[in-house]
A.B. asks: 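I have a structure I would like to understand better, so I am pasting it below and will then ask my questions one at a time.
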Amino acid sequence: METLVQAFLVCSEESTVPFTVRLSYTCSDPYAATVRFPTVDDRHAPTTWTFARSLLEEGQRVTSGEGDVKVVPCGPDYTGLELCSRAGRALILLSAHDLRGFVEATYRKVPAGSEHQFLDIDDDVSRLLGDTH
């Protein structure tokens with residue numbers, strides 16, 4: 001499942017740059033959500049971050065996460081996504097309404113507490129061990 005969400009890169013208190021991110025979720029990786037950022041030109045691949053979907057859910061109410069990813073409520077209209085990497089830090093504001101709709105849809109697909117039912121542990125272990133049967 002994928003959805004496009006309006007976003008803003010915060011450059012300063014007075015300056016933001018609008019763009020669109022692609023949020024995706026798959027039942028085969030039920031604990032994770034992915035955010036794909038557009039490229040600035042054709043020479044670079046889109047940047048993709050994958051993290052716990054629970055961060056997106058919790059971060060709409062209270063600051064969630066630590067380290068590389070934090071999700072922060074920013075009033076009724078926006079939810080902040082703070083990202084940190086070797087390349088630097090970024091604050092992205094996401095439409096709270098769009099984000100809420102996406103997160104609710106993921107929990108309709110895979111309700112909280114039932115994620116383990118969607119995992120194929122045997123296949124995951126085989127891949128980790130390099131089993132090609």
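Since we're looking at a predicted model, the values are computed, not measured. Index from 1, following the sequence.
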A.B. asks: Does F19 reach the side chain of I92, with side-chain heavy atoms less than 4.5 Å apart?
C.D. replies: yes
A.B. asks: Does any part of the side chain of V21, heavy atoms only, come nearer than 4.5 Å to the side chain of R36, both counted from C-beta?
C.D. replies: no
A.B. asks: So, taking the atom named NE2 in H97 and the one named CG in D77, what distance separates them when rounded to the nearest 0.5 Å?
C.D. replies: 10.5 Å
A.B. asks: Sub-3.5 Å donor-acceptor pair from the side chain of S12 to the main-chain atoms of S15, do we have one?
C.D. replies: yes
A.B. asks: Should T20 and Q6 be marked as a side-chain contact (heavy atoms from CB on, under 4.5 Å) after you check the CA-CA gap, both sets of side-chain angles, and the distance that decides it?
C.D. replies: CA-CA 5 Å; T20 302; Q6 180 64 47; 4.3 Å; yes
A.B. asks: Using side-chain heavy atoms (C-beta onward) and a distance below 4.5 Å, is F102 in contact with D98?
C.D. replies: no
A.B. asks: Quick one: closest heavy-atom pair of G80 and C74, and the distance?
C.D. replies: N-SG, 3.6 Å
A.B. asks: Cluster partners of V10, using ILVMFWY side-chain heavy atoms under 4.5 angstrom, listed by chain and number?
C.D. replies: F8, Y78, L91, L93
A.B. asks: Hydrophobic clusters here meaning ILVMFWY residues chained together by side-chain heavy-atom distances under 4.5 Å, can you tell me if L83 and V72 are in one?
C.D. replies: no
A.B. asks: Which heavy atom in M1 sits nearest to a heavy atom in T106, and how many Å separate them?
C.D. replies: CE-CG2, 3.5 Å
A.B. asks: Once rounded to the nearest 0.5 Å, what's the spacing between atom CG of D29 and atom CZ of R53?
C.D. replies: 10.5 Å
A.B. asks: Tell me, do V110 and Y25 make a side-chain contact under 4.5 Å, heavy atoms counted?
C.D. replies: yes
A.B. asks: What closest approach, in Å, do C84 and G67 show between heavy atoms, and which atom pair accounts for it?
C.D. replies: CB-O, 4.4 Å
A.B. asks: Please check if V35 and L4 belong to a single hydrophobic cluster, counting links between Ile, Leu, Val, Met, Phe, Trp and Tyr side chain heavy atoms closer than 4.5 Å.
C.D. replies: no
A.B. asks: Extract all donor-acceptor atom pairs below 3.5 Å that involve side chains of residues 57-66 and protein atoms in other chains or at least two apart in sequence.
C.D. replies:
residue, atom, partner, partner atom, Å
E57, OE2, R61, NH1, 2.5
E58, OE1, S64, OG, 3.4
Q60, NE2, L56, O, 3.0
R61, NH1, E57, O, 3.3
S64, OG, G59, N, 3.4
S64, OG, V62, O, 3.3

A.B. asks: Rounded to the nearest 0.5 Å, how far does CD of E104 lie from CG of L99?
C.D. replies: 9.5 Å
